[in-house]
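What follows is a single structure, written as structure tokens, with notes after it.
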Amino acid sequence: MRPPARRGRRLALPALLSLLTCSLAFALVSEDVKKEAKQSKNLEKSDISKKNDIDLKEIVFVIQSQSNSFHVKKAEQLKQSILKQSADLTQEMPTVLLLHQLAQQEGAWTILPLLPHFSVMYSRNSSWIFFCEEETRIQIVQLLETLRRYDPSKEWFLGKALYDEESTIIHHYAFSENPTVFKYPDLAAGWALSIPLVNKLTKRLKSESLKSDFTIDLKHEIALYIWDGGDGLPLTPVPEFCTDVVGSSCATSFQSSLPLCGNPVKKEDIFVAVKTCKKFHGDRIPIVKQTWAGQAGHLEYYSDYTDSSIPTVDLGIPNTDRGHCGKTFAILERFLNHSHDKIPWLVIVDDDTLIRMVFSREAIRRLLTSKCRCYSNDAPDDMVLGMCFSGLGIPVTHSPLFHQARPVDYPKDYLSHQVPVSFHKHWNIDPVKVYFTWLAPGEQDRARQQRRRGLQEEL
């Protein structure tokens, strides 16, 4: 979850409980990594390392890691897997970088600001920059075979292609006449830039600054920048860059289950604050109560009006049509100073969505002690909080399982390899149906898995 994310999101508490535990424990080495190590023992039987002078040292691997200890552990496991497979090929070792270690470059997580660094450091002796997520599984032999098909002296933008089935707000309704024409990469499958393209983009970055100082959907915005209004390069779809293992030709795959972090956080250790206002008491609050509210151990509704039938707490902050910074900070102060002082986690939720932001008590204490506050009640709370926490040196840990829009706003192939925690907005959908299709716990888990398998078969 990052500061640029807009407005509220939807809640699945069982998935959230598992996800929160990742801040407290490390996952064990996955079976996927063990399988990779086993496969690498058979590499001596393959002559792939001798064919066509394929050289691993010409690939720079960039793992899109985060500084949170759990995510560092996952990234290190993937790095070791890459190096182990490379050693078994008896080739010179490739460069493997962890993105969070390059964070001294402002905006490093958005990739584009790092391209000049990559150009200076690696353009002389490298051919490819290959990006992947912490949970991406890489088969080095297949990756080498795949990259052989593309002339590294030319400009290439490679990845598993996603596209919008209909224009969506998260992409600013781009290509509204035919959104399927624009392809962007599924980062979970890995994606690659040839060094000539990196050098070209670096020249452009030096001559003109990036047009936006915030990012909503990284994968789409990277593709837009590289495409450059039609004057640049479109994504080249690569079938070997996979999320599900559909055959032996896959160079990559992706672990689609919730992270293994130990026992989930107990629901009694989470305080849920629902943001609402008087005009939405009648239509939105009943949906909250009909869907996920019963899963919460501690829950309060915060409004600009006291309604004993819900009940709501009037925070004394007038409702605003744009940002809700004033209301959010009032909730933070109430949680720290007036709510149950033993509860370690706070979840802030909008009434038409579900999860908005998740905070630890210590993060809230440091925030409010710092005196960093909203410049107005209607300031964008997500932006202000992002700036405040950044100034305090508290990193925001991102999870792609939190969604800022409705399921229909995302490619089916993208959602098919996820266990979503949240969605956002009731507009033109049945929110109760969305909840029981994607987020409901217990008996619904089996139906959701069947639905996800159905989507994968359909694709």
Side-chain angles (χ1 to χ4, degrees), residues 1-5 8-9 11 13-27 65-75 100-101 103 109 134 258-275 295-300 302 313 315 317 324-350 354-374 379-399 401-402 421-422:
M1 186 171 59
R2 297 201 186 279
R9 295 165 178 161
L11 174 64
L13 275 178
L16 173 64
L17 299 180
S18 297
L19 201 60
L20 288 179
T21 313
C22 297
S23 300
L24 308 175
F26 293 144
S65 58
Q66 301 185 70
S67 59
N68 173 280
S69 58
F70 169 80
H71 292 282
V72 170
K73 186 73 171 182
K74 298 298 291 183
H100 76 276
Q101 295 177 344
W109 71 273
E134 299 160 4
L258 284 171
L260 302 174
C261 311
N263 295 324
V265 172
K266 297 177 181 179
K267 67 179 183 180
E268 291 78 16
D269 289 334
I270 301 176
F271 189 91
V272 182
V274 181
K275 292 194 302 184
Q295 302 172 40
H298 308 281
L299 181 148
E300 284 187 350
Y302 297 108
V313 176
L315 291 170
I317 305 293
H324 303 287
C325 197
K327 185 180 291 185
T328 296
F329 269 78
I331 291 172
L332 295 177
E333 291 177 357
R334 180 179 175 87
F335 172 77
L336 191 65
N337 300 316
H338 303 290
S339 298
H340 304 75
D341 59 3
K342 300 297 184 182
I343 300 178
W345 294 99
L346 170 67
V347 175
I348 296 182
V349 178
D350 276 2
L354 300 171
I355 288 183
R356 181 67 183 270
M357 299 195 180
V358 181
F359 305 90
S360 68
R361 178 174 287 276
E362 177 60 18
I364 297 172
R365 187 195 65 77
R366 289 184 58 187
L367 171 66
L368 297 183
T369 301
S370 74
K371 307 301 182 183
C372 186
R373 295 295 186 273
C374 312
D381 47 356
D382 47 6
M383 299 286 192
V384 172
L385 287 167
M387 290 186 290
C388 290
F389 282 124
S390 178
L392 290 170
I394 300 176
V396 177
T397 300
H398 169 70
S399 170
L401 307 183
F402 291 73
V421 169
S422 67

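Note that the structure is predicted; figures quoted are calculated from it, not measured. Just so you know, these numbers use all the heavy atoms, side chains as well, and skip hydrogens, waters and symmetry mates.
- From Ile348, atom CD1 reaches atom CD1 of Ile331 across 5.0 Å, with rounding to the nearest 0.5 Å.
- Lys275 places a side-chain heavy atom less than 4.5 Å from the side chain of Asp381.
- Every residue two or more places apart in sequence or in another chain that forms a side chain to side chain donor-acceptor pair (under 3.5 Å) with Arg365 is listed here: Glu362.
- Looking at His398 and Gln66, their side chains come closer than 4.5 Å, going by heavy atoms from C-beta outward.
- Closest non-hydrogen pair, Cys372 versus Phe329, comes out as O-CE2, 3.3 Å.
- In the model, His100 has a side-chain atom that pairs as donor or acceptor with a side-chain atom of Ser65 under 3.5 Å.
- For Ala379, the side chain to side chain contact (heavy atoms under 4.5 Å, CB included) partners are Cys325, Tyr375, Ser376, Val384, not counting sequence neighbours.
- Residues Val72 and Ser67 share a closest heavy-atom pair of CG2-O, 3.6 Å.
- Panel note: side chain His298, backbone Glu268; a donor-acceptor pair is recorded below 3.5 Å.
- Between the CZ atom of Phe359 and the CG atom of Leu346 there is a distance of 6.5 Å, given to the nearest 0.5 Å.
- Distance OG1/Thr397 to NE2/His71: 5.5 Å, rounded to 0.5 Å.
- Among residues two or more places apart in sequence or in another chain, the salt bridge (Lys or Arg N to Asp or Glu O under 4.0 Å) test is passed with Arg373 by Glu333.
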